[in-house]
Peer 1: 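I am attaching a structure below and will ask some questions about it afterwards.
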Amino acid sequence: MLASITPLGERGRHRRYGVTIAAFLLGGLVAGSALGAVLGALGSLLLGGVATSARLLVLVLALLLALAIDLRPGSAPGPRRQVDERWLDEFRGWVYGLGYGAQLGLGVSTVVSSAATYVALLAALLCAGAGAGAGILGLYGAIRGLTPLLAVGVRSPEQLLRFHARFIGVQRPAAAAGRLVLGAVTAVAVIGALG
């Protein structure tokens, strides 16, 4: 899907790349924020009386589990489905941009590549506040909504082929970097829980 939403692809479908990307980002941000607000509000109802230190301990344990899962690449549980590529031919750019962005912003409606996704959902619940939950998952959704910008320079078939080759070449280093970031976040959370 990432290789389909490029300036080249959008031009070929007679769509405007900027409109599609803006809708994609908006979809990710809104869907993530909405889910985060729901989880945060639910957390407020269920966990409002639970001490912050206890909630932080649960988050630390979840981070440790996510790190253990992610150390075995490809082992994150979850759906293996991608977005429906038929939308590219059936809908306007802003429609599939919004729809694809929303699906990615939710985090669990498409392929889950890292167990950290579940930690983000849990963090929105544990924060026990709709606003904080919306902030946590809204940021998550916005970051996922920015992914098509990786292909912003693709304007010819040759550039698309080079993009694919680069994209495949950085998958392992990117996954390793993700595990390092998850480890660093886990370390910070452990220090926070102990302090």
Side-chain angles (χ1 to χ4, degrees), residues 1-2 24-25 27-83 100-148 150 167-195:
M1 187 271 310
L2 178 61
F24 196 102
L25 175 58
L29 176 65
V30 170
S33 296
L35 179 58
V38 168
L39 289 173
L42 182 62
S44 177
L45 292 173
L46 300 175
L47 306 171
V50 177
T52 303
S53 58
R55 289 184 273 146
L56 184 56
L57 180 60
V58 170
L59 184 63
V60 166
L61 293 173
L63 282 162
L64 289 169
L65 178 61
L67 186 57
I69 290 169
D70 281 2
L71 286 173
R72 294 183 37 226
S75 61
R80 295 288 172 218
R81 71 174 281 282
Q82 294 286 356
V83 295
Y100 290 166
Q103 290 177 66
L104 266 64
L106 292 174
V108 291
S109 63
T110 61
V111 173
V112 176
S113 58
S114 170
T117 298
Y118 299 110
V119 176
L121 296 168
L122 180 63
L125 179 77
L126 292 173
C127 74
I136 291 167
L137 291 186
L139 178 61
Y140 174 87
I143 290 170
R144 291 198 73 176
L146 290 172
T147 55
L150 294 172
F167 190 74
I168 290 168
V170 300
Q171 283 181 335
R172 280 194 170 151
R179 289 190 295 275
L180 283 174
V181 169
L182 182 56
V185 169
T186 302
V188 168
V190 167
I191 291 167
L194 296 175

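Since the structure is predicted, the reported quantities are computational estimates derived from the model, not experimental observations. In this chain, numbering begins with 1 at the start of the sequence shown.
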Peer 1: Side chain of Ser109, backbone of Gln103: donor and acceptor closer than 3.5 Å?
Peer 2: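 Yes, Ser109 side chain to Gln103 backbone: donor-acceptor pair under 3.5 Å.
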Peer 1: Are any side-chain N or O atoms of Asp70 and backbone N or O atoms of Ser114, one a donor and one an acceptor, separated by less than 3.5 Å?
Peer 2: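 No, because the side chain of Asp70 does not come within donor-acceptor range (under 3.5 Å) of the backbone of Ser114.
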Peer 1: For Val112 and Gly78, which heavy atoms make the closest approach, and how far apart are they?
Peer 2: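 Smallest interatomic distance, heavy atoms only, reads CG2-CA, 4.3 Å.
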Peer 1: Rounded at 0.5 Å granularity, tell me how far CG in Leu121 sits from CG in Leu106.
Peer 2: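 Rounded to the nearest 0.5 Å, the CG-CG separation comes out at 9.0 Å.
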Peer 1: In a check of side chain to side chain contact (heavy atoms under 4.5 Å, CB included) between Leu104 and each of Ile143, Val111, Val83, which one passes?
Peer 2: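 Single pass found, and it is Val83.
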Peer 1: Give the minimum heavy-atom separation between Ala102 and Ala31, together with the two atoms involved.
Peer 2: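 So the two residues come closest at O-CB, 3.4 Å.
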Peer 1: With a 4.5 Å cut-off on side-chain heavy atoms, are Thr110 and Tyr100 touching?
Peer 2: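 SC-SC contact between Tyr100 and Thr110 ruled out.
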Peer 1: Report, one line per pair, each donor and acceptor closer than 3.5 Å where one atom sits in a side chain of residues 126-140; sequence neighbours left out.
Peer 2:
from   : atom 1 : to     : atom 2 : distance (Å)
Tyr140 : OH     : Thr117 : OG1    : 3.2
Tyr140 : OH     : Arg144 : NH1    : 3.0

Peer 1: Quick check against the 3.5 Å criterion: does Tyr118 have a side-chain atom that pairs as donor or acceptor with the backbone of Ala62?
Peer 2: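 No, the answer is negative, given that no donor and acceptor are paired below the 3.5 Å cut-off.
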Peer 1: What distance do Leu35 atom CG and Leu125 atom CG have between them, rounded to the nearest 0.5 Å?
Peer 2: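 Between Leu35 CG and Leu125 CG, I get 10.5 Å after rounding to 0.5 Å.
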Peer 1: Could you state the interatomic distance from CG (Leu64) to CD1 (Ile69), rounded to the nearest 0.5 Å?
Peer 2: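 Going from the CG atom of Leu64 to the CD1 atom of Ile69 covers 11.0 Å.
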Peer 1: Donor-acceptor pair, Thr186 side chain versus Leu182 backbone, under 3.5 Å?
Peer 2: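 Present.
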Peer 1: Would you compute the distance between atom CG of Leu122 and atom CG of Leu63 and round it to the nearest 0.5 angstrom?
Peer 2: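 Interatomic distance, Leu122 CG to Leu63 CG, rounded to 0.5 Å: 8.5 Å.
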